[in-house]
Amino acid sequence: MSKIKVGIVGYGTIGKRVADAVKLQKDMELVGITGHSYSFRMEVANMEGIKIFAIDGGKDFKDNGINIVGNVGDLMKAVDIVVDCTPKKIGRENKEKYYIPNKVKAIFQGGEKADVGECSFVAQCNYKEALNKDYVRVVSCNTTGLSRTLHALDKKFGIVDVTATMIRRGADPGDIRHGPINSIVPVLELPSHHGPDVKTVLKDMEIFTTAISVPTTLMHLHTLTCEMKKEVKVEDVVKLLNDTTRIRIVRNAEKVRSTAEIMELARDLGGKRGDMHDICIWEEAIGTHGKKLFYMQAIHQESDVVPENIDCIRAMMGFKDAEKSIKMTNESFED
Ligand code: NAD
């Protein structure tokens with residue numbers, strides 16, 4: 001069977017991780033990545049033997065000893081599908097500029113508005129919706145986290161409605177431009193965009209979200225209150241979440257009390273860059289009050305969408321078995 005030929009446009013926080021994940025898949029080949037200008041990221045990609053296709057000429061690369069194999073047009077000709085990991089709004093521009101004219105399938109990220117794709121995607125929720133599609137959006141890190149856990153709870157117990165607050169990291173660890181660095185900033189928009197975004201994946205979910213930004217770089221933290229159709233037992237919720245893929249129960253009993261300790265655990269587990277693809281839920285923070293279910297979850301914003309992009313590639317290329325794709329992707333990170 002020939003491998004799926006994948007190109008990455010935009011090699012930043014998400015793009016470099018998706019590129020590495022593509023390299024791990026037995027059924028995919030990383031054709032190359034795009035680069036604007038010389039940087040340490042490009043130096044590392046070059047050291048790893050990743051082919052670089054220049055967006056703006058390439059003199060800067062050549063001056064710094066980086067071999068450029070072609071331009072973005074050449075990349076389009078060589079791939080079956082592109083994963084666009086550029087900053088928000090650029091993906092939509094690239095769709096018009098490169099993907100439609102070259103008849104190349106493309107995946108967009110959560111920074112783009114939902115209508116950039118024919119559907120939004122979270123593998124364990126709606127894999128089949130993306131089958132054979134040309135343009136699909138993998139939703140944001142927060143929406144991925146909300147969708148994974150709410151989908152499992154709704155399927156098993158039934159949810160009437162949800163209110164949730166996203167406590168968002170101010171910036172990614174390598175980002176020196178964003179903040180806050182000494183403030184708690186409420187998002188003055190109700191609902192925050194996360195609730196409506198969840199509904200692009202879980203169409204019947206009644207959900208209202210609020211958000212605040214805080215001075216941390218490690219993870220986002222969500223607090224959720226779900227009005228359930230009937231009373232649920234905490235131990236049944238724990239069992240369900242433990243049995244659900246890409247969700248991990250963490251415990252104060254194991255001294256995992258904070259996002260810092262989750263990321264330390266991820267580093268100890270030894271995945272590349274110390275990433276944590278799973279949505280982490282504290283066992284001791286799951287509680288009930290009548291039909292209300294409360295829980296708190298932490299999201300590693302830099303990496304939870306990475307396995308989603310891999311499954312999305314398979315779905316768009318016509319691989320029908322969602323469970324098998326998820327298993328293949330999960331196992332690739334364990335090798
Ligand atoms: P980033 O800024 O780290 O990386 C973007 C990359 O795209 C950079 O390498 C930049 O040089 C390149 N780029 C910029 N303009 C380009 C263009 N016109 N053509 C080709 N490449 C271009 O961004 P990121 O954090 O990786 O975010 C990418 C997307 O993923 C966004 O939609 C974002 O909302 C989404 N996302 C980000 C996170 C996160 O926490 N960082 C989480 C989930 C989803």
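Being a predicted model, the structure only gives us computed values, none of them experimental. Ligands are counted one by one from 1 in listed order, and the atoms in each one are counted from 1 as well.
In the hydrophobic clustering (ILVMFWY side chains linked at under 4.5 Å, chained through shared members), Ile167 is joined by Ile184, Ile212, Val214, Leu218, Met219, Leu221, Val250, Val256, Ile262, Met263, Leu265, Leu269, Met276, Trp282, Met296. Val72 belongs to a hydrophobic cluster whose other members, connected by ILVMFWY side-chain contacts under 4.5 Å either directly or through intermediates, are Val9, Val31, Phe53, Ile55, Val69, Leu75, Met76, Val79, Val82, Tyr98, Tyr99, Ile100, Val104, Phe108, Val116, Tyr135.
A donor atom on one side chain and an acceptor atom on the other are found under 3.5 Å apart for Asp175 and His178. Gln297 and His222 share a donor-acceptor pair across their side chains, judged by distance under 3.5 Å alone.
Under 4.0 Å from any atom of ligand 1, one finds heavy atoms of residues Val9, Gly10, Tyr11, Gly12, Thr13, Ile14, His36, Ile55, Cys85, Thr86, Pro87, Ile90, Asn94, Gln109, Gly111, Cys141, Arg169, Asp172, Gln301.
Here the two rings, on Phe294 and His289, have centers that are 6.0 Å apart or farther.
Applying the salt bridge (Lys or Arg N to Asp or Glu O under 4.0 Å) test to Glu284 and every residue at least two apart in sequence or in another chain returns nothing.
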